[in-house]
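All of these numbers come straight from a predicted model, not from anything done at the bench. Side chains are part of it too, since the values below use all heavy atoms of this structure and drop only hydrogens, waters and symmetry mates. Naming convention: chains lettered A, B, ... in sequence-line order (proteins, then strands); numbering from 1 in each chain.
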There are 2 protein chains.
Amino acid sequence: MTEKPVNRKGISKARARFIRESADVRRQALIEATARCLAEKGVAGTSVRAICARAGVSSGLLTHYFDGVDALILATYEDVGVRVSAALEQAVEEAGDDPRDQLRACLQANFRAPILDPDLLATWTAFWSLVRTDPGIAAIHADVYRRTRAQLEALLRAIVPEMPQDRARLAAISLTALVDGLWLEICLDPTTFSAEEAQAMVERAMMLALGQWRGDAGRGDWIDQSDKP
Amino acid sequence: MTEKPVNRKGISKARARFIRESADVRRQALIEATARCLAEKGVAGTSVRAICARAGVSSGLLTHYFDGVDALILATYEDVGVRVSAALEQAVEEAGDDPRDQLRACLQANFRAPILDPDLLATWTAFWSLVRTDPGIAAIHADVYRRTRAQLEALLRAIVPEMPQDRARLAAISLTALVDGLWLEICLDPTTFSAEEAQAMVERAMMLALGQWRGDAGRGDWIDQSDKP
DNA sequence: GGAACTGACAAGCCCATGGCTCTCATCAAC
DNA sequence: GTTGATGAGAGCCATGGGCTTGTCAGTTCC
């Protein structure tokens, strides 16, 4: 008595096979598909159907696991933010014990894979454009940047303990802004300057922030002075 | 024999009065409406109907004056870019004859009205998110940033003629990136630092780029040395 | 000064696409 | 085999962009 399933138009349909996955696997797949969509086609091209097609699932599944497409985008922002933080963290750990090396590594890692990636910037600009209108995105943004600055501030004060609190704060803000600006521009238009030049610029800014630069407008040499009075 | 105009449903319609405007006025009105839409509702909320409602015209007029909504967004980018450049140019002119004052004014004007404006950032992030996918936007972006850097480079070399070409180039890139990063962050989240602090940071970076800073990690005083050896 | 003309303009239709829901098939655990 | 959650897929309503049609405001020519 098993009759073939028939839709409203009377056409027999064969439902596709599928495998059951855990909620975590599905969520992660949807998040990664969203990031790829944002990167490749921008916010406008990031639709439920596009995301689900990339994730290889049907469109109904998005609503099943997330509270709509906006919630998925928010989850994607969180995930991407965590991965960037992890990449920076790893760079710091691989840099050894000298806080100066750690700071340099933390800054320069922004101009190497996986952070130096135009696709990642496309994802990020999509989020920036949502900060204004979406309080949830704004909250995550504030948190991500606060953590970044706090980390830089801690490294600065580890290197130069006598640096005043306020100066460390402003230095961390400046370095973050410089890195952001360089990263933005090199991802948007890689022909203007190279990743190596970007790394040199942030290293120079770092040294200047540490107050270990002597004005020699012509040569640009570094003055090594590891121990301070 | 004048019968009332009747639409397909047989309902008599009274066409709204309108006034004829010149093409320039209409184009400008549409461009400004687009900028406001981008600022308030992001790219997703910037539809033909939304733009035209803001401009106070019917939706058909957009196609009449522009080659679709994409072309209008592109024109808006051009217009906004020109206005920002004009604001910076004006700041330079009002700064007097000293190129040092001009450079400072050019940098610090980014943290005053009309450039320090979250709405403007929203517009700008919308454009950034389009650079990847739209070659027209990418070309305009490259041009705008090239001009900005060229201006900074010229000012730097006017202040310190003996500065090598490459160092001036990198300094201009760094200053642009710093300004962009600070401007981005202060517009996204004004609670992190103030406009005055941003101006102080760019002034400090400017002085450091000019090589007129002496390492005094603790105090942060300026060393005035207008004449160089 | 009025009639014909030109083109800016409004209104609304058409089709595509978007997000979401609803129904029901399918799989895995018991 | 039973069962219940996972998942597919069509459908629904809203919205979007572009186009077509027809009107009305200035202009021109007599």
Completion exercise
Atom CG of A/Asp70 and atom P of C/dG18 are separated, to the nearest Å, by 15 Å

Problem - Atom-to-atom span, CD1 of B/Ile73 to P of D/dG16 - whole angstrom - result: 13 Å

Handout entry: Side-chain N,O (A/Arg17) to OP1/OP2 (C/dC27) below 4.0 Å
Key = yes

Practice task
Using only heavy-atom distances, determine whether the side chains of B/Ser22 and B/Asp24 contain a donor-acceptor pair under 3.5 Å.
Solution key: no

Problem - Salt bridge B/Glu153-B/Arg167, side-chain N to carboxylate O under 4.0 Å - result: no

Practice task
Take atom CD of A/Glu21 and atom P of C/dT26, then tell me their distance rounded to the nearest Å.
Solution key: 18 Å

Practice task
Inspect the contact between B/Arg204 and B/Glu197 and indicate whether a charged nitrogen and a carboxylate oxygen are less than 4.0 angstrom apart.
Solution key: no

Handout entry: Atom-to-atom span, CZ of A/Arg26 to P of D/dG7 - whole angstrom
Key = 4 Å

Completion exercise
To the nearest angstrom, the CG-P distance between B/Leu61 and C/dC9 comes to 5 Å

Problem - A/Arg20 CZ - C/dC27 C1' separation (whole Å) - result: 5 Å

Handout entry: Selection from C/dC20, C/dA11, C/dA8 that lies nearest to any side-chain heavy atom of B/Tyr65
Key = C/dA8

Handout entry: Pair A/Gln165-A/Arg157, side-chain donor/acceptor within less than 3.5 Å
Key = yes

Practice task
Check whether any side-chain nitrogen or oxygen of A/His64 sits under 4.0 Å from OP1 or OP2 of D/dT6, and answer yes or no.
Solution key: yes

Completion exercise
So, with a heavy-atom separation below 4.0 Å from DNA chain C, the residues of residues 38-56 of chain A are A/Thr46, A/Ser47, A/Val48, A/Arg49

Exercise for the section: Give me the one residue out of A/Val43, A/Ile73, A/Thr34, A/Val80 that meets side-chain contact (heavy atoms from CB on, under 4.5 Å) with A/Thr123. Expected result: A/Val80

Exercise for the section: Identify, between B/Ile19 and B/Gly60, the residue whose nearest nucleotide on DNA chain D lies closer to the 5' end. Expected result: B/Gly60

Practice task
Remember a base hit wins even if backbone is also touched, and classify B/Leu62 as base, sugar-phosphate or nothing at under 4.0 Å, heavy atoms.
Solution key: nothing

Problem - Separation of atom CZ in B/Arg27 from atom C1' in C/dA8, rounded to whole Å - result: 12 Å

Problem - Whole-Å gap separating P (D/dG17) and CG (B/Asp67) - result: 15 Å

Problem - Residue pairs, two or more places apart or on separate chains, that pass ring pair (Phe, Tyr, Trp, His ring centres under 6.0 Å) and touch residues 43-85 of chain B - result: B/Tyr77-B/Trp124, B/Tyr77-B/Phe127

Problem - Exercise: do B/Glu94 and B/Gln90 side chains pair donor with acceptor under 3.5 Å - result: yes

